[in-house]
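Chain letters run A, B, ... following the sequence lines, proteins first, then strands; residues in each count from 1.
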Protein chains: 2
Amino acid sequence: MEQIENTKNPIQVADRLFGALEYLSVRPSAGLSEIAAHLRLNKSTAHRVLASLEYLGYVQQDPVEGRYELTLKVLSLSEQILQRMDIRDVVHPYLRRLMEQTGETVHFVRQDGVDAVYLDNVETTRSSVRMISRVGSRIPLYRSGVGKAMMADMPEEELREVWNASAVVRTTPNTITTYPALVKALRTVRETGYALDNEENEIGIRCIASAIRIPGDGHRYAFSISAPVTRMDDDRVQQLSHIILEVKENLDATPIRHLSPASTRSAGNQT
Amino acid sequence: MEQIENTKNPIQVADRLFGALEYLSVRPSAGLSEIAAHLRLNKSTAHRVLASLEYLGYVQQDPVEGRYELTLKVLSLSEQILQRMDIRDVVHPYLRRLMEQTGETVHFVRQDGVDAVYLDNVETTRSSVRMISRVGSRIPLYRSGVGKAMMADMPEEELREVWNASAVVRTTPNTITTYPALVKALRTVRETGYALDNEENEIGIRCIASAIRIPGDGHRYAFSISAPVTRMDDDRVQQLSHIILEVKENLDATPIRHLSPASTRSAGNQT
DNA sequence: TAGACTGTTTCGTATTATGAAACAACCGTC
DNA sequence: GACGGTTGTTTCATAATACGAAACAGTCTA
């Protein structure tokens with residue numbers, strides 16, 4: 001029990017509270033017994049936990065069925081987080097122009113641990129395939145263009161940590177699955193200035209990405225153009241890479257007003 | 001102290017945990033002492049709360065500054081919630097078409113308590129004013145087109161409850177501030193089939209909205225077209241109302257596959 | 001009607017969170 | 001260079017708090 005002892009959550013209830021929250025976020029609604037069983041809690045405890053979440057406004061109980069479901073309060077939380085990310089406002093017009101220039105869907109991400117998290121995107125208007133915005137979703141760094149772009153900027157030690165913490169899964173024949181392969185790929189990224197995801201995450205999808213740096217911001221950001229391979233042969237990759245690099249230069253040169261004091265923005269809500 | 005006694009949170013720590021979370025969601029980062037002061041907690045307690053949130057992955061501490069900030073995990077939570085809302089996938093193409101037909105920004109919302117919460121939107125490509133997506137943000141029902149559209153479908157008792165729970169604030173000269181005025185406005189909505197927000201929330205913005213109903217879904221939904229008054233005179237309102245009503249009819253007739261059993265969707269992540 | 005489910009409430013107990021205080025490690029000042 | 005003023009961190013005895021078995025109250029099925 002000495003060293004092996006997993007560092008424990010200093011507040012046990014927190015496990016239960018967020019466990020319930022996360023469980024409910026995956027299904028439309030759930031009954032008390034079901035939640036209790038899943039979290040291995042006594043019904044009574046589960047009930048208290050749910051009552052607490054309800055009190056806080058994150059959970060709501062169907063008065064007739066008795067089932068529990070999330071309210072949209074957690075969405076407001078996310079919205080506030082996104083809203084104070086000034087960098088999104090700066091980057092968004094570039095994304096838009098990039099989409100218009102290329103006709104392809106573009107993404108903007110930030111590193112969060114071993115993943116890249118989508119912060120913004122502008123979807124192509126040309127394709128008939130609607131792809132609803134997935135802001136907030138994740139993709140592993142080692143398996144994405146944006147991820148490779150950001151990793152190319154990391155010092156060796158940090159890279160190593162990321163790799164070790166990553167749960168490597170081969171999702172396509174092209175997926176990078178060894179550290180040496182990753183290092184080699186990153187060398188190419190550094191040479192060319194952009195990262196190519198050549199169907200490494202999903203068959204049929206290629207994408208070109210580049211990292212950008214924000215002075216005074218500890219996080220890593222990147223943006224990308226994705227398209228089906230049918231529209232993305234090597235020639236097109238060449239063309240697009242020029243556009244990508246141009247945008248990157250512009251963004252790197254753009255000063256970002258960071259951490260505005262009171263962070264009081266014009267509300268500007270619309271009906 | 002009989003009746004007056006506020007129903008208390010059955011789990012006190014929950015207040016602290018989510019208090020810290022919500023506090024951090026408003027500012028880019030915060031120091032421990034600052035958080036402790038704001039939540040009126042002992043530094044020691046605050047530290048434990050933060051450590052717990054960090055353990056759960058929602059909070060991260062800057063190793064050099066020592067300041068705390070949110071990770072993007074809460075965004076993933078939201079994303080999962082949005083992703084299982086099948087109705088968004090159904091409605092999105094309609095929104096897109098609506099925007100293309102009218103050239104104006106369109107919104108899609110759901111009722112959550114006394115507010116409408118934005119679930120999706122398609123912003124106009126014509127205007128040069130970029131308006132980054134505000135999915136997750138809120139607007140009071142009584143002060144919005146979408147809100148009035150949804151309230152028009154409520155039985156009197158429910159309406160009364162909403163009104164009483166609403167914190168009425170006059171944001172423009174046109175804002176509805178009395179219950180009789182609201183009732184009267186809703187009568188018009190029922191007669192015409194759509195709701196008009198005539199600069200009732202924000203000067204210079206008009207919008208037309210309509211509620212839709214989803215069989216087997218306990219929630220209320222609505223969508224809207226917003227535009228500056230300069231592009232939205234009474235004639236245009238007339239025109240747009242026809243389009244709105246047509247979309248509403250289509251949507252009301254569209255069957256929504258609801259609560260898919262395992263809710264396992266094609267992931268389809270892209271780099 | 002009996003049985004098997006729901007979700008809810010109670011209450012004695014032991015676990016758990018609490019916070020004052022001491023600690024360590026900075027930073028700018030005098 | 002010791003100072004007071006900051007950070008964030010750790011300890012620990014005590015009180016408060018969350019716990020869960022069990023009983024309860026419904027609802028639906030057989």
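A search for side-chain hydrogen bond (donor to acceptor under 3.5 Å, both in side chains) contacts involving A:E158 returns A:R220, not counting sequence neighbours. Residues forming a side-chain hydrogen bond (donor to acceptor under 3.5 Å, both in side chains) with B:T45 (at least two apart in sequence, or on another chain): none. Shown here are the side-chain contact (heavy atoms from CB on, under 4.5 Å) partners of B:D120, two or more places apart in sequence or in another chain: A:I132, B:R88, B:H92, B:L95, B:F108. Take A:R67 and apply the side-chain hydrogen bond (donor to acceptor under 3.5 Å, both in side chains) test, not counting sequence neighbours, and it matches A:S29. Applying the salt bridge (Lys or Arg N to Asp or Glu O under 4.0 Å) test to A:E22 and every residue at least two apart in sequence or in another chain returns B:K73. Annotation: side-chain hydrogen bond (donor to acceptor under 3.5 Å, both in side chains) contacts of A:D15 (sequence neighbours excluded): A:N9. With sequence neighbours excluded, no residue satisfies side-chain contact (heavy atoms from CB on, under 4.5 Å) with A:P63.
Among the atoms of the strands shown, base atoms are found under 4.0 Å from some heavy atom of B:L32. Residue A:T45 is classed as a base contact, given a heavy-atom separation below 4.0 Å to a base.
For the segment residues 15-22 of chain B, residues with any heavy atom less than 4.0 angstrom from an atom of DNA chain C are, sorted by number, B:R16. For the segment residues 56-63 of chain A, the set of residues with a heavy atom within less than 4.0 Å of an atom of DNA chain D is empty.
For the OP1/OP2 pair of C:dT8 and a distance below 4.0 Å, the side-chain nitrogens and oxygens of A:Y68 include at least one atom meeting the criterion. For the pair B:H47 and D:dT9, the criterion of a side-chain N or O lying under 4.0 Å from OP1 or OP2 is met.
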Taking N or O atoms only and anything under 3.5 Å, show me the protein contacts with nucleotides 11-15 of chain D, one pair per line.
unit_1	atom_1	unit_2	atom_2	d
D:dT11	O4	B:S44	OG	3.4

Taking only N/O atoms, report every protein-nucleotides 27-30 of chain D pair under 3.5 Å with atom names and distance.
none

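Stretches of at least 3 consecutive Watson-Crick or G-U wobble pairs, with each checked distance under 3.5 Å, appear in DNA chain D as C:1-23 with D:8-30, C:25-27 with D:4-6.
Taking every heavy atom of both residues into account, A:A209 and A:V146 meet most closely at CB-N, 3.4 Å.
At whole-Å resolution of the value, CG in B:L50 and P in D:dT10 are 13 Å apart.
Among D:dG8, D:dG20, C:dT6, the nucleotide with an atom closest to any side-chain atom of B:K43 is D:dG8. You'll find that the side chain of A:Q12 is closest to C:dA17, out of C:dG7, D:dT17, C:dA17.
Distance check: A:S210 OG to A:D153 CG gives 8.5 Å after rounding to the nearest 0.5 Å.
Judged by closest nucleotide on DNA chain C, A:S33 is the one of A:S33 and A:I11 placed further toward the 5' end.
Relative to the six-membered ring of A:F18, A:R16 misses at least one condition, a distance below 6.0 Å or an angle of at most 45° to the axis.
Judged purely by distance below 3.5 Å, without hydrogens or angles, the side chains of B:Y23 and B:E34 pair a donor atom with an acceptor atom.
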